[in-house]
Engineer: 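Sharing a structure, written as structure tokens. Questions coming.
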Amino acid sequence: MVLDKIQGENDIQQLEPDELDILAQEIRGFLIEKVSVTGGHLASNLGAVELTMALHMAFHLPEDKLIWDVGHQSYTHKLLTGRRSGFDGLRTYGGMSGFPKRKESDCDAFNTGHSSTSISAGLGFTAARDICGEDYHVVSIIGDGSMTGGMAYEALNNAARLKSNFIIVLNDNNMSISENVGGMSNYLNGLRTAEAYIDLKKGVEDTLKKIPGQGEKLVYRIRKTKSGIKQLIVPGMLFENMGITYLGPVDGHDVKMLYKTFREAKRLDHAVLVHVLTKKGKGYIPAEENPSRFHGTGPFDIETGEPKGSAASDSYTDVFSKVICDIGKHDEKVVAITAAMEDGTGLSRFKKYFPQRFFDVGIAEEHAMTFAAGLAAGGMKPVVALYSSFLQRAYDQIVHDVCMQNLPVTLAIDRGGLVGSDGETHQGVFDLSFLSSIPNMTVMSPKNRWEMADMMRFAVDYPGPVAVRYPRGSAYMGMKKFRAPIVYGESEMLYEEEEIALLFVGHMSSLAGDIRKELKHSGFSCSLINARFVKPLDTKMLEHLAESHSLLVTIEENVLTGGFGSQVLDYVSQAKLALRVCTVGIADEYIEHGNVDVLRQAAGLEKHAAAKRIIADYTDSMESANAHMKKDTGIVRD
């Protein structure tokens, strides 16, 4: 196998030209085989095989820097830098990440996971290189989907000022996660059909250059005029107008042409954009026909492309999808917004039924939020469906445009808590903390599938901002008998006893129920309370619990810093309640990739470890209480 010759970075540069097509086929076969077992991002990687090969042929790593936007298309890059053996543990706990990681290899120049960041990072490397007087190339590889994000244009604006080489590769496959939308997508579609312009440009330039003494000057003047050759054939050449040289479009599956183009790009003394056309899922028919499903896939059967394992029950996303459509049928003011994630967030069904009330704004969470604020101010009831980790990008807009005006915008926050195999860039473990700090924001989280539906209905009808936070995966079917009406700011008592009180947030319901059983088995009396509202805090419930309990335990799948438990601690301390508080959650650290159950165990969100800690805390609280009582009265409490 030609792939056997690739043992480390730059080995591809030693291959014979006739081995390159064979290598591309072998890489695709390898990726399909491995991802069918581990799951991962398949379609994007299959589409970028030749592109990655050409980059590794034209540049020398790790001296030259390749910066992958998002990074889910970096599997071939990992193969070509000697990490072939790591694919057996791809995205597993302690195994190789599905994204670039600096600590994993010197050839991974920059950690990525969210979109539209690569040009900014590349500019940073370029500036650092120039300031330090070093000599290496910087290449930022960005997809056309990521080009719908505003941050990319902020960076392009700065890139136009460069007086040294910086290469931007636009990997254009007309797909992000869902199909690309908007003006930028339409603009790139126009470029794809303008190949005649390339030939004409070259012909005109070659002819002019033959004029003795004046040819080169004429070519230079034409290039510098705003109404140059490109404007004649392709109106509004965005990149050239910004001052960035445009090369392309180039066939993204022609290694030799790509290599030649990158060699040309390296010679320029300013920013250059290489426009590459690729096919997402190339080489595997199921992925070519359904690139969205194979964007991020679980294990699948290679022969059919069908997922392995039995069909799962409805996820929280499925419940959201159904209930938002039902709400939309009865209320024509309800509109739905997503950021290039109509399938992932479950809004494809809403789009089907109410196309005029559905908006996909592209990878532009900041715009999505202020757009929703405008809709709300205009009398509509917008529901913005985003993944928790991507919601972080719109924090300022939530504060300034939604909550400051107290507008009725509903945030449907999917993938709240630990997400798993995509790792630290995708874990949704900060939302409870950053949302709870914002005035006027209401934060809710459901304990099971039925409460999920009830909360969505409550949120859409509430006259202010509401965030409903729910996890990835199957909706919990337990605790069905508990379905008290939702009252603003009130928690739900499920079992009332004494001694220890367990107060859980959202999908920690299952874990909290298991912990209670462990404590009961060990002889402890234990109450169980569903918080329902992270904000506002149900202070009446806390005061009630202080009357008959000595230990209050909060359970959340969120960082403890600034989270639900932190708020409870603050109130108990300020109100001087006779309660010891034990907070169970995620430590102040980033959680890497792995199976969610494994990650929970590592974080201490597991029934045996949690029960053991709670018992120890309870014993300490009793000993402390006895010491105070003995000091004051001479009496020891049993």
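Side chains included, hydrogens not; waters and symmetry mates left out as well; all remaining heavy atoms used. Along the sequence shown, residues are numbered consecutively beginning with 1. Computed from a prediction, not measured in an experiment: that's the story for all the values here.
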Engineer: Would you call the rings of His77 and Trp68 parallel, tilted or perpendicular, where under 30° means parallel and over 60° means perpendicular?
Structural biologist: tilted
Engineer: Is there a donor-acceptor pair under 3.5 Å between the side chain of Thr345 and the backbone N or O of Met341?
Structural biologist: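 Answer holds: yes.
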Engineer: Does the Asp108 side chain pair with the main chain of Lys101, one donor and one acceptor, at a distance under 3.5 Å?
Structural biologist: yes
Engineer: Strictly distance-based, threshold 3.5 Å: is any side-chain N or O of Asp69 a donor or acceptor partner for the main-chain N or O of Ser118?
Structural biologist: yes
Engineer: Does Thr338 use its side chain to pair, donor to acceptor, with the backbone of Ala340 at less than 3.5 Å?
Structural biologist: no
Engineer: So, the side chain of Asp401 versus the backbone of Ala373: is there a donor-acceptor pair under 3.5 Å, distance only?
Structural biologist: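 Here the side-chain-to-backbone pair does not exist.
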Engineer: Can a donor-acceptor pair be found, under 3.5 Å and without considering hydrogens, that links the side chain of Ser116 to the backbone of Ser146?
Structural biologist: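 Confirmed, Ser116 side chain pairs with Ser146 backbone.
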Engineer: Between His295 and Leu42 (side chain of the first, backbone of the second, donor and acceptor by atom type, cut-off under 3.5 Å), is there such a pair?
Structural biologist: no
Engineer: List the steps and the verdict of side-chain hydrogen bond (donor to acceptor under 3.5 Å, both in side chains) for His544 and Glu496.
Structural biologist: CA-CA 11 Å; His544 173 71; Glu496 185 166 14; 2.5 Å; yes
Engineer: For Ile486 and Arg457: C-alpha separation, side-chain torsions, deciding distance, then whether side-chain contact (heavy atoms from CB on, under 4.5 Å) applies.
Structural biologist: CA-CA 10 Å; Ile486 295 176; Arg457 297 181 192 281; over 6 Å; no
Engineer: Between Lys78 (side chain only) and Phe99 (backbone N and O only), is there a donor and an acceptor less than 3.5 Å apart?
Structural biologist: yes
Engineer: Would you call Asp454 and Arg483 a salt bridge, using N to O less than 4.0 angstrom?
Structural biologist: yes
Engineer: May I have the step-by-step check of ring pair (Phe, Tyr, Trp, His ring centres under 6.0 Å) for His426 and His593, ending in yes or no?
Structural biologist: CA-CA 9 Å; His426 284 61; His593 54 276; over 10 Å; no
Engineer: Is there a ring pair (Phe, Tyr, Trp, His ring centres under 6.0 Å) between Phe294 and His41 once you walk through the steps?
Structural biologist: CA-CA 7 Å; Phe294 282 92; His41 292 93; over 10 Å; no
Engineer: Using distance only, find each side-chain donor-acceptor pair of residues 560-577 under 3.5 Å and give its atom names and separation, not counting sequence neighbours.
Structural biologist:
from   : atom 1 : to     : atom 2 : distance (Å)
Gln567 : NE2    : Ser436 : OG     : 3.2
Tyr571 : OH     : Glu543 : OE2    : 2.4

Engineer: May I ask you to decide if the ring planes of Tyr618 and Phe524 are parallel, tilted or perpendicular, using 30° and 60° as cut-offs?
Structural biologist: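 Tyr618 vs Phe524 ring planes: perpendicular.
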Engineer: If you measure only the distance, is there a donor-acceptor pair under 3.5 Å linking the side chains of Ser433 and Asn558?
Structural biologist: yes
Engineer: Using a strict cut-off of less than 4.0 Å between a Lys/Arg side-chain nitrogen and an Asp/Glu carboxylate oxygen, indicate whether Arg449 and Asp318 qualify as a salt bridge.
Structural biologist: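 Looking at Asp318 together with Arg449, the answer is no, because their closest N to O distance does not fall below 4.0 Å.
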Engineer: Consider side chain to side chain contact (heavy atoms under 4.5 Å, CB included). Of Phe30, Tyr75, Phe87, which one does Val35 pass it with?
Structural biologist: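 That would be Tyr75.
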Engineer: Salt bridge check, Glu492 against Arg532: does any charged N sit closer than 4.0 Å to a carboxylate O?
Structural biologist: yes
Engineer: Do Val383 and Leu347 pass the side-chain contact (heavy atoms from CB on, under 4.5 Å) test, and can you show the C-alpha distance, the side-chain angles, and the key distance before you say yes or no?
Structural biologist: CA-CA 10 Å; Val383 177; Leu347 282 179; 6.0 Å; no
Engineer: Return the CE to OG distance between Met541 and Ser527, rounded to the nearest 0.5 Å.
Structural biologist: 9.0 Å
Engineer: For Ile67 and Ile141, what are the C-alpha separation, side-chain angles and deciding distance, and is it a side-chain contact (heavy atoms from CB on, under 4.5 Å)?
Structural biologist: CA-CA 6 Å; Ile67 303 165; Ile141 305 100; 5.8 Å; no
Engineer: Before accepting this row, confirm whether a basic side-chain N of the pair Asp343/Arg293 lies closer than 4.0 Å to the acidic partner's carboxylate O.
Structural biologist: no
Engineer: Only pairs under 3.5 Å count here: list side-chain donor-acceptor contacts from residues 503-510, not counting sequence neighbours, and write none if there are none.
Structural biologist:
from   : atom 1 : to     : atom 2 : distance (Å)
His507 : NE2    : Glu557 : OE1    : 3.0
Ser509 : OG     : Lys447 : O      : 2.7

Engineer: For Asp422, which of Arg91, Gln427, Arg415 qualifies under side chain to side chain donor-acceptor pair (under 3.5 Å)?
Structural biologist: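 Exactly one option meets the side chain to side chain donor-acceptor pair (under 3.5 Å) with Asp422, and it is Arg91.
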Engineer: Could you tell me whether a side-chain N or O of Glu518 sits under 3.5 Å from a main-chain N or O of Arg516, the two making a donor and an acceptor?
Structural biologist: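 Not at all, since once roles are kept as given, no pair shorter than 3.5 Å links the two residues.
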Engineer: Taking atom types as modelled, is there a side-chain donor on Ser421 or Tyr93 under 3.5 Å from an acceptor on the other?
Structural biologist: no
Engineer: Tyr470 vs Tyr476, test: ring pair (Phe, Tyr, Trp, His ring centres under 6.0 Å). Steps then yes/no.
Structural biologist: CA-CA 11 Å; Tyr470 47 96; Tyr476 185 46; over 10 Å; no
Engineer: Who pairs with Asp414 by salt bridge (Lys or Arg N to Asp or Glu O under 4.0 Å), at least two apart in sequence or on another chain?
Structural biologist: none
Engineer: Check this for me: does any side-chain nitrogen of one of Arg469 and Glu556 sit under 4.0 Å from a carboxylate oxygen of the other?
Structural biologist: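 No, Arg469 and Glu556 are not salt-bridged.
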Engineer: So, the side chain of Glu499 versus the backbone of Ser525: is there a donor-acceptor pair under 3.5 Å, distance only?
Structural biologist: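 Yes: the side chain of Glu499 pairs with the backbone of Ser525.
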